[in-house]
Amino acid sequence: MESALATRLHEVRRRVAAAATASGRSEDCVTLVAVSKGHAPATITAAARLGLEHFGESYLQEALPKIAALDGMELTWHFIGRVQANKTRAVAEHFAWVHGVDRLRIAERLSAQRGHYAPPLNVCLQVNIAADDHKAGVAAEEAGALAARVAELPRLVLRGLMCLLPEEMPAAAAEQAMHSMHQLRTELQARHASMDTLSMGMSGDYEAAIRAGSTMVRVGTSIFGPRA
Ligand SMILES: *Cc1c(COP(=O)(O)O)cnc(C)c1O
């Protein structure tokens with residue numbers, strides 16, 4: 001298992017570096033978040049031994065025992081799923097990053113519930129850039145107003161924007177949406193200097209996302225293979 005993992009990871013890193021170069025940046029400008037949902041702690045340990053540090057999980061119930069089992073490995077955990085209002089406390093306590101914030105109420109709860117011993121929680125605002133009825137996220141026109149409110153919350157650091165494009169979206173439309181995300185993040189960063197992150201790109205589209213300016217890609221299948 002470990003050598004297949006090493007081979008896949010090597011290939012992903014090579015492609016990340018090539019796409020970063022194509023966008024005129026160094027590979028250090030792109031953070032690789034390994035999406036470990038559906039995979040056991042032993043697999044995550046193997047990935048950490050290969051140098052991965054950032055791990056993404058979508059389901060709280062699945063994530064919490066894994067995070068506990070791997071406590072002491074100094075991994076950085078990203079919550080990339082939908083944040084439900086009644087689950088914010090556990091998210092605020094156990095993760096370093098939350099990518100899917102799309103409502104002020106959720107941000108307020110995360111800020112209030114972040115432990116005072118812990119560093120501020122890094123958050124990205126999820127933008128429904130494709131204006132897809134089925135996808136979560138704040139409308140692009142409302143992202144600026146939400147960012148202004150979230151930036152004031154004491155226990156959060158507003159790090160940037162995140163998007164999740166519909167799988168069936170044609171490549172040209174997806175690229176257009178990615179460029180819109182990059183533009184929106186650039187505009188908002190002029191007002192909020194902490195917004196250094198664009199969380200965009202998964203196994204199917206991370207190279208295009210990096211070429212469009214993504215700084216953080218969330219890759220599961222291409223690193224770990226198919227989920228059970
Ligand atoms: C599952 C998931 C990913 C990773 O998907 P892959 O196609 O396996 O790379 C990335 N982002 C989010 C929000 C996810 O839920």
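Every number for a ligand or one of its atoms is a count from 1 in the order of the listing. If you read the sequence from its start, that first residue is 1, and numbering goes on from there.
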Heavy atom of His99, distance to ligand 1 below 4.0 Å | no

Taking atom types as modelled and ignoring hydrogens, do the side chains of Ser199 and Arg218 form a donor-acceptor contact shorter than 3.5 angstrom?
-> yes

Taking the side chain as C-beta and beyond, is there a heavy-atom pair between Met216 and Ile210 under 4.5 Å?
-> no

Got an N/O contact under 3.5 Å between Lys37 and ligand 1?
-> yes

Any N or O on Met162 sitting closer than 3.5 Å to an N or O of ligand 1?
-> no

Using the six-membered ring wherever Trp is involved, compare the ring planes of Phe55 and Trp77 and label them parallel, tilted or perpendicular (cut-offs 30° and 60°).
-> tilted

Just to confirm my output: which protein heavy-atom neighbour is closest to [atom], and how far is it?
{"atom": "atom 9 (O) of ligand 1", "result": "Ser203 OG, 2.5 Å"}
{"atom": "atom 12 (C) of ligand 1", "result": "Ile80 CD1, 3.5 Å"}
{"atom": "atom 5 (O) of ligand 1", "result": "Met202 CE, 3.4 Å"}
{"atom": "atom 11 (N) of ligand 1", "result": "Arg218 NE, 2.9 Å"}

Would you mind listing which atoms of ligand 1 come within a distance below 4.0 Å of any non-hydrogen atom of [X]?
{"X": "Val219", "result": "9 (O)"}
{"X": "Thr221", "result": "6 (P), 7 (O), 8 (O), 9 (O)"}
{"X": "Ser58", "result": "15 (O)"}

Measure across Met200 and Val217 and return the closest heavy-atom pair with its distance rounded to 0.1 Å.
-> O-CG1, 3.4 Å

Can Glu57 and Lys66 be counted as an ion pair, charged N to O under 4.0 angstrom?
-> yes

So among Arg8, Arg13, Arg15, which one has a side chain to side chain donor-acceptor pair (under 3.5 Å) with Glu11?
-> Arg15

Backbone N or O of Cys29 within a donor-acceptor pair of the Thr215 side chain at under 3.5 Å?
-> no

